[in-house]
Amino acid sequence: MPCGSIPFIIEAMAEKIDPITTVINADSQTLVTWSENYSVGIEHIDNQHKELVSLTNELYRACLAKNDTFEAVFKETMSRMVEYVRYHFKAEMELLEKSNFPDLQNHKMQHDQLIFDILEAVREYNEGKKFVPNNFVRTLKDWIFSHIAFYDQAYAPYVRDYLQSRE
Ligand SMILES: [Fe+2]
């Protein structure tokens, strides 16, 4: 599926995703909560996705804390996020290759695009261009968790079959 379809897919998924990812209330320090609806039925991938939930919430909390430490905390959390997203995507791609997942190239393209978008945002932030951290975290959250809820579900049966065949 071409990358151009992603906004449409996200829109189409919005109804399904909203109940999961909606901010609980205005005072909440939590932007996203883990739900079994996100599960791909592969324990170590689910654990990595849970780590993305907690990093996203950390970034969100960094944005809420509008104090002197904001910049340092935001930068440090962003760099851990980039590192973890890379680590997780690499782990996923290795599994997809071993499982002969037929849509592997498209999946890889989406991962590459997300990494590119994050690095672009980091660059803009570092260059002092107009950058609204709060908006960035919300967009990041939408992208990552739409991807998990929709595209990662597509590979799940292939990877589960592969892992079972090795038992
Ligand atoms: Fe993925």
Side-chain angles (χ1 to χ4, degrees), residues 1-23 30-63 77-125 133 135-167:
M1 201 172 293
C3 271
S5 308
I6 293 172
F8 169 75
I9 297 292
I10 290 174
E11 213 172 284
M13 292 294 294
E15 221 169 277
K16 185 183 167 194
I17 293 163
D18 267 346
I20 310 167
T21 57
T22 301
V23 177
T30 302
L31 183 64
V32 57
T33 51
W34 172 260
S35 155
E36 282 308 311
N37 291 351
Y38 285 142
S39 174
V40 290
I42 302 152
E43 195 181 354
H44 76 279
I45 295 291
D46 282 347
N47 287 339
Q48 291 177 8
H49 287 160
K50 286 174 189 171
E51 182 62 22
L52 289 175
V53 167
S54 68
L55 280 167
T56 304
N57 287 328
E58 259 193 76
L59 264 184
Y60 182 62
R61 279 191 288 275
C63 292
T77 315
M78 270 300 285
S79 92
R80 276 191 291 128
M81 176 63 118
V82 171
E83 208 172 298
Y84 196 80
V85 166
R86 282 195 154 131
Y87 161 78
H88 166 63
F89 282 177
K90 188 165 178 274
E92 265 193 7
M93 288 317 293
E94 280 172 11
L95 269 180
L96 299 199
E97 274 168 30
K98 287 177 182 162
S99 312
N100 294 317
F101 177 56
D103 204 25
L104 182 132
Q105 282 313 317
N106 181 41
H107 206 98
K108 182 176 186 311
M109 234 160 59
Q110 290 183 47
H111 285 179
D112 291 348
Q113 184 67 48
L114 179 64
I115 296 277
F116 177 82
D117 289 347
I118 295 176
L119 294 179
E120 270 294 291
V122 170
R123 192 179 57 78
E124 284 180 11
Y125 180 75
N135 291 350
F136 168 71
V137 176
R138 286 170 187 277
T139 305
L140 183 68
K141 182 266 295 180
D142 286 344
W143 204 102
I144 292 179
F145 293 96
S146 302
H147 179 84
I148 290 174
F150 187 74
Y151 286 99
D152 286 352
Q153 292 297 333
Y155 72 59
Y158 291 86
V159 173
R160 284 199 301 261
D161 280 357
Y162 163 72
L163 293 173
Q164 263 165 21
S165 74
R166 294 173 61 226
E167 280 171 4

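In each ligand, atom 1 is the first atom listed, and ligand 1 is the first ligand listed.
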Engineer: I'd like to know if Lys90 and Glu94 make a salt bridge, using a cut-off of under 4.0 Å between side-chain N and carboxylate O.
Structural biologist: yes

Engineer: If you round to 10 degrees, what value do you get for the angle at the Fe ion (ligand 1) between His107 atom NE2 and Asp152 atom OD1?
Structural biologist: 80°

Engineer: Taking only Lys NZ, Arg NE, NH1 and NH2, and the carboxylate oxygens of Asp or Glu, determine whether Lys108 and Asp112 approach each other closer than 4.0 Å.
Structural biologist: yes

Engineer: Look at the rings of His107 and Phe101 and say which category their plane angle falls in: under 30° parallel, 30 to 60° tilted, over 60° perpendicular.
Structural biologist: perpendicular

Engineer: Between Phe89 and His147, how do the two ring planes meet: parallel, tilted or perpendicular, split at 30° and 60°?
Structural biologist: tilted

Engineer: Vertex the Fe ion (ligand 1): angle to NE2 of His147 and OE1 of Glu92, to 10°?
Structural biologist: 170°

Engineer: So which of the N, O or S atoms of His111 lies nearest the Fe ion (ligand 1)?
Structural biologist: NE2

